[in-house]
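Below is one structure, written out as structure tokens, with a few remarks after it.
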Amino acid sequence: MRALPPLRQAYCVPAGDPIAPFDDPTGKVQILARDLEQLQREALSECGLVWADKPPSGPHLVFSSRTWFTPAALQRLLAALSPGQRLRIESEAFWELSGALQRLDAPGVYELGISPGGPTAFADLEPVTVDFEFTLTEPDKQHPAMAHAMPKAVPASDACVHQLDHWSHILRVNWLAMATTIERERRGFERAGLLSKAGKIAGVLWKARGVSRDKLARGLSQIGADCQIHPTAVVEASKLGPGCVVGPFAVVRGAVLGAGVQIEEHAICNASVVGEGARVGRRAMVNLCVLYPGAMVSNGRGHQASVFGRDSFCAETVMIYDLSFSGEVKVWDGSERVSSGTHFLGAAIGHDARLGAEVILGYGSHVPNGAFVVGPAHNVLRAWGGGEGPHRVEDGVAVSVRSGRTPPPEKE
């Protein structure tokens, strides 16, 4: 690699429509329980770059407000590109995994490059391939009925880029962000010297208080200040912000929890990102989900691959389908229903939306901000029809099974 170009500034180009159904600016999209813009600023700072309020007159990094990237991605880009060039990733496995619904000028060509100076259109920058050093692994084996939903190969790297143009990308980028964090730690450990490796191992063992698999997994977790974790709870390979509460027999595995999150008794939070002050209710399960701050998910039928908006509420028995056994899941993209590129996808619940008991959402569906959805009412008892028991509820009336339906009593 050649020496790093002497860049000191970076400029963010406002781009992209607000993502439905949330309608937030792309910079406010939640990634790892933080705003996308905050993560962009942190990545720039780690690479020695300063966020500029207007396009600098000299060479500078340029990116769009809808582009997520890791520090390692910036480091590889800065080492490989010259002014007037932009990033292109040529990896069939990565494109197959992440390409769907991204509005790119060409497959693998991102809104991230080096401007020669002044206002710059991305279309004027020459795409140049940068090697992100992906390693390919086979996906975990699943039940044969789910095999069609698995990718052929899973690319892994600490360098990663993705643009956010659809609510399904909120899920995908959070999954990628968690995966790249793990890969960054793994590669950092491999590059470390013997003394540094010994120190890291000793630190994990000290936190784990033992060498069993379960204790080591807990030792890999980062626990914030003032967290309350019940002795019967399981917390493994997760990051908990300050003031989190994990109740009796709850399981938190491979998750990121913001400040003040509550995981109630017997709840399961697996490989999910839960925003500040959100709550996973007793016996509820969220797997591969994203909860915005203040969201509440009650005990339902188990929720997977879904996004729950800020201060949204899901009552008990809400169900979200998440696996298509035929074609790829279709989603609304503007005024069209198009393929999401995957057979495995839940739903998006907008900010302040409320879902009542027995509500069922199809895979790929979304609920607008502020919506109030109630379940079917035909089996909810509202009037007593009389007659000899037993009774069955039909259209809200308790009907005698033996004598047939009896009309409800007249109102006085």
Side-chain angles (χ1 to χ4, degrees), residues 18-19 21-43 45 65 68 164 167 169-178 180-181 221-230 233 235-247 250-265 267-282 284-300 303 305-315 346-355 367 369-370:
I19 295 175
F22 307 107
D23 295 333
D24 294 324
T26 49
K28 296 298 182 182
V29 168
Q30 291 286 287
I31 308 298
L32 299 183
R34 289 179 289 171
D35 291 347
L36 171 60
E37 182 178 319
Q38 182 180 354
L39 292 182
Q40 291 171 330
R41 289 180 180 272
E42 291 176 1
S45 178
S65 59
W68 167 78
L164 290 109
W167 67 259
H169 296 162
I170 299 175
L171 288 169
R172 192 183 301 152
V173 171
N174 273 279
W175 299 341
L176 290 171
M178 288 189 284
T180 55
T181 299
S221 295
Q222 299 178 33
I223 311 298
D226 301 320
C227 287
Q228 301 176 40
I229 302 176
H230 194 274
V235 178
E236 296 179 350
S238 297
K239 183 176 181 179
L240 279 63
C244 290
V245 177
V246 183
V251 176
V252 178
R253 183 176 288 119
V256 176
L257 311 185
V261 166
Q262 295 187 50
I263 309 296
E264 296 183 356
E265 57 265 32
I268 299 175
C269 180
N270 184 65
S272 295
V273 176
V274 185
E276 180 176 350
R279 179 181 297 189
V280 181
R282 59 179 60 87
M285 189 276 278
V286 291
N287 179 52
L288 294 165
C289 289
V290 174
L291 279 67
Y292 271 65
M296 168 72 181
V297 177
S298 303
N299 178 22
H303 302 302
S306 295
V307 185
F308 300 88
R310 185 171 50 252
D311 297 322
S312 62
F313 177 82
C314 285
I349 292 85
H351 301 320
D352 298 302
R354 293 173 291 169
L355 303 183
V367 177
N369 290 342

### Query
Do the ring planes of F22 and H351 sit parallel (below 30°), tilted (30 to 60°) or perpendicular (above 60°)?
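Aromatic pair F22/H351 classed tilted.
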
Atom pair [atom1]/[atom2] of [X] and [Y] - distance to nearest 0.5 Å:
| X | Y | atom1 | atom2 | answer |
| --- | --- | --- | --- | --- |
| S312 | I349 | OG | CD1 | 6.5 Å |
| D35 | T26 | CG | OG1 | 11.0 Å |
| C269 | M285 | SG | CE | 10.5 Å |
| T181 | L176 | OG1 | CG | 10.5 Å |
| I170 | S306 | CD1 | OG | 12.0 Å |
| R279 | F308 | CZ | CZ | 15.5 Å |

Can you name the closest pair of heavy atoms from [X] and [Y] and give their distance?
| X | Y | answer |
| --- | --- | --- |
| G258 | C244 | O-SG, 3.1 Å |
| G281 | A267 | O-CB, 3.4 Å |
| L171 | A305 | CD1-O, 3.1 Å |
| A315 | S298 | C-CB, 3.7 Å |
| L36 | S65 | CD2-O, 3.5 Å |
| V297 | A284 | O-CB, 3.7 Å |

### Query
For D23, does the CG atom have more than 12 heavy-atom neighbours from other residues, nucleotides or ligands under 6.0 Å away?
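Yes, enclosed.
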
### Query
Would the number of heavy atoms belonging to other residues, nucleotides or ligands and lying under 6.0 Å from CD of E42 be above 12?
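Buried by this count: over 12 neighbours within 6.0 Å.
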
Could you check whether any side-chain N or O of [X] sits under 3.5 Å from a backbone N or O of [Y], counting only pairs where one atom can act as donor and the other as acceptor?
| X | Y | result |
| --- | --- | --- |
| E264 | R282 | yes |
| S238 | E236 | yes |
| D311 | A295 | no |
| N369 | P21 | yes |

Quick one, [X] and [Y] - any side-chain contact, counting heavy atoms below 4.5 Å?
| X | Y | answer |
| --- | --- | --- |
| P242 | D226 | no |
| W68 | H169 | no |
| L291 | V280 | yes |
| L240 | V246 | yes |
| V251 | N270 | no |
| Q30 | D24 | no |

### Task
Identify, with sequence neighbours excluded, every residue that meets side-chain hydrogen bond (donor to acceptor under 3.5 Å, both in side chains) alongside Q40.
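Not a single residue meets the side-chain hydrogen bond (donor to acceptor under 3.5 Å, both in side chains) criterion with Q40.
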
### Query
With Q262, which residues qualify under side-chain hydrogen bond (donor to acceptor under 3.5 Å, both in side chains), at least two apart?
none

### Task
Step by step, work out the side chain to side chain contact (heavy atoms under 4.5 Å, CB included) result for V29 and Y292.
CA-CA 9 Å; V29 168; Y292 271 65; 4.1 Å; yes

